**Q** 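Pasting a structure here, questions to come.
Quantities reported herein were computed from a predicted structural model and do not represent experimental measurements.
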Amino acid sequence: MSACVPARADSARTKHVHQPHSPPPHGPRRFRVAGADVSAAIAVFLIALPLSLGIALATGAPLQAGLVAAAVGGIVAGRIGGCPLQVSGPAAGLTVVTADLIQHYGWRTTCAITVFAGIAQLGLGCLRVARSALAVSPAIVHGMLAGIGVTIAVAQLHIVLGGTPQSSVPDNLVALPAQLANLHPADLAVSVLTLTLLLLWPRIPGRAGQVLGKLPAALIAVAGATAVAALTGLRLPKVDLPSWSSHALASLPDGPVLGLVAAVLTTTLVCSVQSLLGAVAVDKLVAARPSLTGRVKRSDLDRELLGQGAANIVSGSLGGLPIAGVAVRSSANVAAGAVSRNSTMLHGVLVVIAALLMVPALELIPLASLAALVMAVGLKMVSLNHIRTVTRHREVLVYAVTTCGVVFLGVLEGVALGIAVAVGVALHRLTRTRITHDDTEGVHHVHVRGQLTFLAVPRLSRVLHQVPHGADAVVELDGSFMDHAAYETLQDWQKTHTAQGGSVDITGRRPGTRISEPAEEDGCRCRPWTPWRNHQCERPPTAPPRGTDRQAATDGSPAGSLGTTTGPNAPGTKDTAGARGATGGSGAPDGPSGHELARGISAFHRNTGPLMRRELARLAREGQQPSQLFLTCADSRVVTSMITSSGPGDLFVVRNVGNFVPLPGEESGDDSVAAAIEYAVDVLKVRSITVCGHSGCGAMQALLGAEHGGARTPLQRWLRHGLPSLERALPDVDVDGDEQEQKQGPGRARPRLAGRGAADTAERLCLANVVQQLEHLRAHDSVARALDAGDLELHGMYFHVGEAQSYLLSEDAEGGVFELVRETNLTA
């Protein structure tokens, strides 16, 4: 054995040694495709085939070009790309760009432009700048897609009516009245049939709809229209696929250099942005499927650019359309159960087979049917969800300008206009600051709305000096940014005003915008809902006692400085023994550290109260109208408002040890819980009741370890309400002190968590307790009446404290299954 080879490595290697003349223990590794990938590939192929032909028709390219792009996108981009489940091919978002290129430069030059765009994408991928493409405002991207969709729809409308589209949207709109006066009934009938099948096929009710719905609506619409046209003998323009031997390939570009460079940049931009955004969207779809966790990696965006670039080079060289990631096919791929990139590649192989063997069948398709399909795709690109989103974020102007620019000027011009408007809106928001002053009961309020930059310093200084010397002042900052000039102006005025005997309280809506006096705030640097230990913090030993600020101010010393205090504690800090023991028996503040409760209340008055005052005033006027009763444990770690994202007036909360619902009429019943239930159901008219258990529940652990023969203390007497839960979770346990065998009645199967077993007996008891308390709820008269009337729903919930995850009870399965609540798209 060589001295250079470690003995450890050599010994490990000997495990795999076989005899020299014997066959290896394992045969050569075979390429295998999972069944899920095969079914997903077929589903995507059935969608891609008609769409590829339709997009080629819409661009004015040879129809074979769409099939070439679909095959290359599946095989090349699918093999090299960084997003395994994204399906690439001819995309509707590229239709306007490609059609414009074909009109100006011809088809063969357009293929060359596609090749150069692919080379540019390879360069961008090597430079690893893919992430920077995501910096484009979503409003610009959505506006670009909407403009392209409108352009597609208006152009294809002419083919639907039996005519020929013009070169631009204005020309198409001008020619539309003449086209309506001279429409072709056969083309219109086939188009209407296609749109009808496309709309109604996914909405077939019942079991038939579940079975038939697995077939893509696009395929059914085109196939149905083709069959009707063939059976009725309609004379219509149909798909014409010339021989592959005469297929046009790329040639050297011919045209002005600057125009060709602009064309390459436009194609590169649109292909890259659409593909990268599609990859991010596919990542979200994959994350929503637990079965893919660990099997499908997150997208490598730089590698995805390389894959798209290689695919465009091959597609352009072979006479295909430009390629990008396609959202419709990618989402269908994930929904069909794909588990690897093999589904994308196999779909490309199926397109090649269809292009070679199905030419006679493809040539039966009416062009009007493909035009109707592409027109529907274009209309879907104008998404109402996107419009609502940009409106909510006050970017509707950027969206509208980009859309109109793409429709009337072109894609590159429209995107450039959108970027210019987005920059202008950002600058306007940065410089538009509203500063007002009012006097309420002797307290002067200065309201600052917007970002505080040097441009707003003159107005800020003028308003601040309207506050009289020695007056109490409150400065409310409603913004997320303050530059150094505004910072110093506010600090100088604060020091001067407090030195003259006044008081200043400066509050901000966001963490990091508060300016405070450390002496007045006890040096606290805490932010709500950030890591903390018991939400208390240690006061710096150098901070002066509370109440000395005004005296220091009157003596002329600086009383305050700029800070970032926004709460009663700081992340990573802890309370000391001295701070905990600084209060007297009465609970009033006693000593420099102050009282923890008083500090928390003071932080609420300072930070949260001003933000909630208007809403709480409304609730005070209108009274409470909660939507649900939330019954949970008294455990301090279960924060109901936080884990349900609710606010004041949303939940009617009942908390007790173990989240028990005692049965009504029992000798040891509890009227307080029953009264709360009756009040919530009969008076407040809540629409749902949720019983929420949690991990690590002390009541459940006490139930498991307690002796149930006799109940002496109040806690032991209360825990007797959990004995039915103990029977449900552990049917063999003797909980009554006798020797009778505990039997599990009908419908008493143990509840469980979806995807994993219970961690221990205590967790199993927590789950069973939620189900048992829901049964107890149904025994209350008010609940039973509301359930019978259909006015009330009951829900079970389990909150895992350590994982910060919630599970909702689904009672479809025997015993009930608690399923993890997945992230949902709340804007949809």
**Q** Hey, can you tell me if Y679 and F652 have their rings parallel, tilted or perpendicular (30° and 60° cut-offs)?
**A**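 Taking F652 first and then Y679, their aromatic rings sit tilted (interplane angle of 30° to 60°).
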
**Q** Take a 6.0 Å sphere around CZ of R614 and say whether it holds more than 12 heavy atoms from other residues, nucleotides or ligands.
**A**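 Result for CZ/R614: open.
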
**Q** Keeping R388 on the side-chain end and S383 on the backbone end, is there a donor-acceptor pair under 3.5 Å?
**A**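 Absent.
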
**Q** Taking all non-hydrogen atoms of both residues, which atom of S299 and which atom of D283 are closest, and how far apart?
**A**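 For S299 versus D283, the nearest heavy atoms are OG-OD1, 2.9 Å.
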
**Q** For residues 687-699, tabulate all N or O donor-acceptor pairs below 3.5 Å that involve a side-chain atom, not counting sequence neighbours.
**A**
| unit_1 | atom_1 | unit_2 | atom_2 | d |
| --- | --- | --- | --- | --- |
| T690 | OG1 | Q628 | OE1 | 2.9 |
| S695 | OG | V801 | N | 2.8 |

**Q** For A130, is there any backbone N or O sitting under 3.5 Å from a side-chain donor or acceptor partner on D302?
**A**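 Present.
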
**Q** Nearest heavy-atom pair of M700 and A762: which atoms, and what distance?
**A**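 Shortest heavy-atom separation between M700 and A762 comes out as CB-O, 4.4 Å.
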
**Q** Is there a donor-acceptor pair closer than 3.5 Å between any side-chain N or O of H721 and the backbone N or O of P662?
**A**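 Between the backbone of P662 and the side chain of H721 there is no qualifying donor-acceptor contact (under 3.5 Å).
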
**Q** Treating H800 as the side-chain partner and E803 as the backbone partner, does any N or O pair qualify as donor plus acceptor under 3.5 Å?
**A**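 It does hold such a pair.
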
**Q** If I compare all heavy atoms of S39 with all of A336, which pair ends up nearest, and what's the gap?
**A**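 Shortest heavy-atom separation between S39 and A336 comes out as OG-O, 4.1 Å.
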
**Q** For the pair E615 and R618, find out whether any cationic side-chain nitrogen is under 4.0 Å from an anionic carboxylate oxygen.
**A**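 Judged by the 4.0 Å cut-off on N to carboxylate O distance, E615 and R618 do form a salt bridge.
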
**Q** For V673 and F660, work out which heavy atoms get closest and say how close.
**A**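 Looks like CG1-O, 4.1 Å.
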
**Q** For the backbone of S725 and the side chain of N769, can you confirm whether one donor and one acceptor N or O come within less than 3.5 Å of each other?
**A**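 No; judged by distance alone, with no hydrogens or angles, the pair does not exist.
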
**Q** How close do V638 and I643 get, heavy atom to heavy atom, and via which atoms?
**A**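 Reported closest heavy-atom pair: CG1-CD1, 4.1 Å.
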
**Q** If I compare all heavy atoms of R341 with all of G78, which pair ends up nearest, and what's the gap?
**A**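 R341 and G78 have their closest heavy atoms at NH1-O, 2.6 Å.
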
**Q** Determine yes or no for a side-chain-to-main-chain donor-acceptor pair under 3.5 angstrom, with E819 supplying the side chain and A754 the backbone.
**A**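 Side chain of E819 to backbone of A754: no pair is present.
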
**Q** Under the 3.5 angstrom rule, does the side chain of Q86 hit a backbone N or O of A279 as a donor-acceptor pair?
**A**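 Indeed, once roles are kept as given, a pair shorter than 3.5 Å links the two residues.
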
**Q** For F604, enumerate each residue passing the ring pair (Phe, Tyr, Trp, His ring centres under 6.0 Å) test, keeping only those at least two apart in sequence or located in another chain.
**A**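 Not a single residue meets the ring pair (Phe, Tyr, Trp, His ring centres under 6.0 Å) criterion with F604.
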
**Q** Sequence neighbours left out, cut at 3.5 Å: what donor-acceptor pairs do the side chains of residues 785-794 make with other protein atoms?
**A**
| unit_1 | atom_1 | unit_2 | atom_2 | d |
| --- | --- | --- | --- | --- |
| R785 | NH2 | D682 | OD2 | 3.4 |
| E793 | OE1 | H795 | NE2 | 3.3 |

**Q** Sub-3.5 Å donor-acceptor pair from the side chain of H347 to the main-chain atoms of T344, do we have one?
**A**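 Present.
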
